[in-house]
Structures are given as C-alpha cells and as structure tokens.
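Heads up, the thing below is written out as structure tokens.
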Amino acid sequence: MKLLVNSLLLFFGILVVESTTARPLSYAIWAANSAIARGQGNGLDSSGKPLVSYEHGELQWALRLLFERTKNQTYYDYIKTGVDNVVSANGTVGGGYSTTQFQLDPIRVGPTFLYLYERTKDEKYRVAADAFHNQLMFDQSRTAQGQFWHKKIYPNQGWLDGVYMGDIFYAAYTQAFQPNNVTAWDDITLQFTLMFENTIQKVATPNHTFSGLLYHGYDYSHTTVWADPDRGHSPEIWDRALGWYAMALVDVLSIIPTSHPGNAAILTILRMLAPRIAAAADPTSGVWWLVMTQPGRAKNYFESSGSAMFVYALLKAVRVGYVQDPDGTIVAAAKKAYRYMVNNWVVDNGDGTMNWLNTVQVGSLNTDGSFDYYVGVPTVVNDLKGLAAFALASIEFEHLTY
Ligand SMILES: *[C@@H]1O[C@H](CO)[C@@H](O)[C@H](O)[C@H]1NC(C)=O
Ligand SMILES: *[C@@H]1O[C@H](CO)[C@@H](O)[C@H](O)[C@H]1NC(C)=O
Ligand SMILES: *[C@@H]1O[C@H](CO)[C@@H](O)[C@H](O)[C@H]1NC(C)=O
Ligand SMILES: *[C@@H]1O[C@H](CO)[C@@H](O)[C@H](O)[C@H]1NC(C)=O
C-alpha cells in the first residue's frame, strides 16, 4: 500500500507530504474519519446533549460530498445519525433550537435536512426544514434594504457569516419546493449583493492594506460601536468571515438557476473576489492572515480555517468554470496554500487519526471588532469549523489530482 501511495503521489507530481509513511492518500478521508472517530459533528454537544450547530452542518456538507465521491455508507449514516439526534420522529427540531432569537447560525444544519428528505422521503425532515424556512419568512427581522439581521440581539447587522449560515439553506429549500418562485430567488440574490455592497473595502486607510475584499459585517443603522461612520462596516477584514462568504458564493451558484439573473449577479461578485483572495495570500507561506487588513502586524498570524475555506472556494470556482484562470494563478495560489496546510497544520497522531491546528475559536462582532480583539482570541486544536473546512479543501484538492 505504501509503495502504491508513494508511486501515485510521484505519478501525479505532488509531494504534498514530507514523510508519506503514515499518511493516507486522501486527506479528505483522513480528516473526515478523524472527526468521526472523535464523535465531532454528530448532533450532540461534548456532554452528549442534542445540539443544533452550524459546525455540524458544515461537516455534514463535507461528509455528503465525500459520500457521493466514495460511496462509503459510513459518511451517510453519520450524517443521518447526527440529524436524528436533533430532529424528533414528528419533525420538531430540538437541540436548543428556538426561533425567538432568530439566529441564522442553526439554519446551517438545514441543507442536511433537505438532503435527507430527498433521499428518504421521510416527512419529518421536511417538517424540520419547514421550521427553518418559517423562521426566515416570519421571524427574521430585516434592514430597510431587506438584509436579514444576523440575530435579534444584533439589530440591523449583516455579517458575512450569516450568508453561509442562512442563505444556502434558503436556496436549497427554494430549489426543492418552490423552484419557480422568482420572488424567493430575488430575495436570495439580495442577501448576497447587499452584503457585498455594504462591506466591500473601497479605500486603503493608514493602518489597513487595500485588498478590495469584504469587511466582517455592517450595521445599516451605523450606530453600533464598531460601525464606520460613513458606510457602517466593521473595521477589519477577518479571514473566516470572508471564508464563509466565499464558500457560500461557490455553493449557491450550483443551486440558483442560471435562468434567474441572480446567478449572473453572484457570478460577477465571485469573479471580482476570487483573484483578490488569491492575491491577498501571504507571498511566502501562501496562506492567509487572521486579520487580512493588517498583514504582518505583531500578534497577527496565519489562520487555518479561513485559509482552508479559501482553498475550497477558489478550487471549486475554477473547477466548475465559474471563474476563468487562464494563466493558472488562482489554482497555483490554492495549491501553494494547501501544501502549507498539510505541512504545518496537520499532525499525525499515530493512532490512525490526525489533528488540525491553528483554527481561531471565534470572531464576533459582539465586541469592538478591533485588531486587538481578533488577535486576542485563542486558537483551538481540532476546532470543527477549521477541520471541516480542511476536509472541504481536500475534497477539492483531490479533484485536481486523482
Ligand atoms: C468507510 O469509512 C470508514 C471510516 O469512516 C472506514 O472504517 C471503512 O473502512 C470505509 N469503508 C470502505 C469500504 O472503504
Ligand atoms: C413531537 O415530538 C416531540 C418530541 O418527541 C414532542 O415533545 C412534541 O410534543 C411532539 N409534537 C407533536 C405535535 O406531536
Ligand atoms: C415565494 O417566495 C417568497 C419569498 O421567499 C415567499 O414569501 C412566498 O410565500 C413564496 N411564494 C410561494 C407561492 O411559495
Ligand atoms: C496602527 O498600526 C501600528 C503598528 O503597525 C499600531 O502601533 C497602531 O496602534 C495602529 N493604530 C490603530 C488605530 O490601530
């Protein structure tokens, strides 16, 4: 096996690993199996209580792609068990889910409900998906422009994170049950375009490098402590927030019909951002800084979840043909970043599992949104937001190689 692995790696000209000895051919499978071995993302919290969690939704998205690629039933079963831990036999959603705070985060599990409904036709998954859709339709407040608030406690605030959390579900639900609802496709498009217009960096400032990328969020009322007086956006570009948004762009494009003008509008955004993301990578390591607006500043560091999300988004964008890459710059940037990741952030535990390093625990705009805030948050080993993103990045990387 080891010989085969080495010769395959040589054949495809990828020396992704320094020592191939204990490392498997597929990092996607290794990452997924390691998460499963640790019971991560299974619909339960660390004390075994049901939990509706966007991180679980993110892992489920990766496991679903891996199931479709490998046909290994283990991945499907893990997804189903995870959802069955939070959806009761009659379709009520437990696991701490409540509509009163209308948070977008839990909605990220919704695409898995739809996937299971499609495969099993078990009504309980449809009932559960309806509950999430009803939250968006009837509970979620919006800005005067129509952007969903991130949560009730953050009035008038749109965060990039929320697009990945809420709008992939909104699009997948519309595709499944209301494919001809133009109003819904308009509304989904609006969530992406408002976020883009309100957060895009237009000018450099003395302490902020110009990348033309998107600030973490904005406050339409311009009243919260971090809001820019002019445009209302937050002060820094945080890698993971932009990573969520970038993944949402490439994923929604495979859902929203090409016959609807929103598809072209979202494509335009992706085509502008993809080369800018590639260009923002640190030229030496190839990966991205936690606070992208202040590369190289003391205490800033290379962060692994945002970097993995960018690799997924860039490679998928080129593979599916959403973005042209005639001179190979974008794919080269993604491959360089990927090489750094496997060499620096993947640790072989020697028991068949791997650890994943350097994912920042959280980045919230329930703060002053400052550089000092972001760099003061600790990193966590095997944080699922980063590990699942690495599985996604690996799935895309492996599309390139075998
Ligand atoms: C499927 O994946 C599981 C790990 O998640 C592994 O133990 C099993 O051997 C795989 N099955 C096949 C047929 O590859
Ligand atoms: C659905 O199931 C849950 C949990 O088993 C239960 O609490 C709830 O009362 C049920 N609702 C209906 C309408 O049957
Ligand atoms: C179409 O979508 C809009 C917005 O999502 C929704 O309010 C409306 O009820 C939908 N109409 C139908 C017929 O499903
Ligand atoms: C600007 O950056 C310098 C160091 O690069 C730092 O000392 C200073 O506090 C920063 N100013 C602001 C307003 O963040």
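All values derive from a computational prediction rather than experimental measurement. Every number for a ligand or one of its atoms is a count from 1 in the order of the listing.
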Identify the protein heavy atom lying closest to [atom], giving its residue, its atom name and the separation to 0.1 Å.
| atom | value |
| --- | --- |
| atom 7 (O) of ligand 3 | Met137 SD, 4.0 Å |
| atom 6 (C) of ligand 2 | Asn90 ND2, 4.2 Å |
| atom 5 (O) of ligand 2 | Ser88 CB, 4.1 Å |
| atom 3 (C) of ligand 3 | Asn181 ND2, 3.6 Å |
| atom 14 (O) of ligand 1 | Asn72 ND2, 3.5 Å |

Assess the side chains of [X] and [Y]: does a donor N or O sit below 3.5 Å from an acceptor N or O?
| X | Y | answer |
| --- | --- | --- |
| Ser305 | Arg240 | yes |
| Asp186 | His260 | yes |
| Tyr218 | Asp228 | no |
| Tyr75 | Asn33 | yes |

- prompt: Does ligand 3 have any atom that is closer than 4.0 Å to a heavy atom of Tyr170?
  reply: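 So Tyr170 counts as touching ligand 3.
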- prompt: Does the N or O separation between His133 and ligand 3 drop below 3.5 Å for any pair?
  reply: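 No, there is no polar N/O contact under 3.5 Å.
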query: Is at least one protein non-hydrogen atom found at under 4.0 angstrom from atom 11 (N) of ligand 1?
result: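 It does: a protein heavy atom is found less than 4.0 Å away from atom 11 (N) of ligand 1.
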message: Counting the benzene-type ring for Trp, do Phe397 and Tyr27 have ring centres under 6.0 Å apart?
response: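 Phe397 vs Tyr27: aromatic centres not under 6.0 Å.
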Flag, side chain of His56 to backbone of Gly43, donor-acceptor distance under 3.5 Å: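 Present.
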message: Has Gln140 got a side-chain atom pairing as donor or acceptor with Phe102's backbone, closer than 3.5 angstrom?
response: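 Judged by distance alone, yes, a pair lies under 3.5 Å.
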query: Under 4.0 Å from any heavy atom of Gln178, which atoms of ligand 3 are there?
result: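 What qualifies from ligand 3 is 1 (C), 2 (O), 10 (C), 14 (O).
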field: Atom indices of ligand 1, in the order listed, that fall short of 4.0 Å to a heavy atom of Asn33
entry: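 Near Asn33, meaning under 4.0 Å from one of its heavy atoms, ligand 1 has 4 (C), 5 (O).
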